[in-house]
Amino acid sequence: TNFDEAPKNTQTQSPRGMASNKQLAGEALVTSHKTVMSKLLSMVKDEMTLVNKVDADRDGLDDYLVQLESIQNTQLDLISKLRDSLSNYVAACEGP
């Protein structure tokens, strides 16, 4: 064995048994993605109900537009949070 070579660490944990930044960021990304997808799926179902309702009765168009804007703002916020988690993971991968 050559003792001059640094040991290769193929584990995802630091030598003290604590999770690495990359592992923690990866877990946070997956958790965030699952949460966002669950919320988006629920929102898409509600959105389909909303669009079908206004399609059947155009008199509710003003209310539809208000609700649609609210839904889309919430969706953008969820996507932004997921992007933040992704950015954190990429930064952890590039770190020391």
Side-chain angles (χ1 to χ4, degrees):
T1 304
N2 185 351
F3 293 104
D4 294 333
E5 292 179 20
K8 294 179 182 176
N9 187 358
T10 57
Q11 297 177 348
T12 57
Q13 295 187 351
S14 67
R16 290 181 280 199
M18 299 183 73
S20 68
N21 286 342
K22 180 179 177 181
Q23 182 181 14
L24 291 174
E27 290 173 5
L29 174 60
V30 171
T31 299
S32 178
H33 194 188
K34 287 168 62 176
T35 300
V36 166
M37 293 308 300
S38 176
K39 290 179 180 179
L40 285 175
L41 179 58
S42 176
M43 292 177 77
V44 166
K45 291 176 182 178
D46 292 342
E47 199 171 356
M48 280 303 303
T49 301
L50 180 66
V51 76
N52 287 332
K53 183 178 174 182
V54 77
D55 192 33
D57 179 14
R58 301 295 172 148
D59 291 337
L61 193 58
D62 290 339
D63 186 47
Y64 162 79
L65 293 173
V66 170
Q67 290 182 43
L68 180 59
E69 184 172 5
S70 175
I71 288 170
Q72 289 183 339
N73 285 333
T74 302
Q75 290 170 337
L76 289 172
D77 185 49
L78 289 169
I79 295 295
S80 178
K81 288 177 183 176
L82 182 56
R83 297 281 305 162
D84 288 345
S85 291
L86 179 58
S87 294
N88 289 340
Y89 179 75
V90 169
C93 289
E94 294 172 349

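- Between Ala25 and Asn88, the shortest heavy-atom contact is CB-O, 4.0 Å.
- Following chains of ILVMFWY side-chain contacts shorter than 4.5 Å, one can reach Val51 starting from Ile71, so the two form part of one hydrophobic cluster.
- Rounded to the nearest 0.5 angstrom, Gln23 CD and Glu27 CD are separated by 4.5 Å.
- We find the CG-CG distance between Asn52 and Asp57 to be 12.5 Å, quoted to the nearest 0.5 Å.
- Two different hydrophobic clusters hold Leu41 and Leu50 under the rule that ILVMFWY side chains link at heavy-atom gaps under 4.5 Å.
- Between Val66 and Ser70 the shortest side-chain heavy-atom distance does not fall below 4.5 Å.
- At least one donor-acceptor pair under 3.5 Å links the side chain of Thr49 to the backbone N or O of Lys45.
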Side-chain donor-acceptor distances from residues 75-84 under 3.5 Å, at least two apart:
residue	atom	partner	partner atom	Å
Gln75	NE2	Glu47	OE1	3.1
Asp77	OD2	Lys81	NZ	3.4

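- Summarising the geometry of Asn21 relative to Ala92, their closest heavy-atom pair is O-CB, 3.8 Å, with the distance given to 0.1 Å.
- Remark: side-chain polar atoms of Asn73 are paired, donor with acceptor, to backbone N or O of Glu69 under 3.5 angstrom.
- Inter-residue side-chain proximity for Arg58 and Tyr64 is flagged as unmet; no heavy-atom pair is nearer than 4.5 Å.
- Atoms NZ and CG, on Lys22 and Leu24 in that order, are 12.5 Å from each other to the nearest 0.5 Å.
- With hydrogens and angles disregarded, no donor-acceptor distance shorter than 3.5 Å links the side chain of Ser32 to the backbone of Ala28.
- Judged by distance alone, the side chain of Ser38 and the main-chain N or O of Lys34 form no donor-acceptor pair under 3.5 Å.
- Hydrophobic clustering, with ILVMFWY side chains joined whenever heavy atoms are under 4.5 angstrom apart, groups Val36 together with Leu86.
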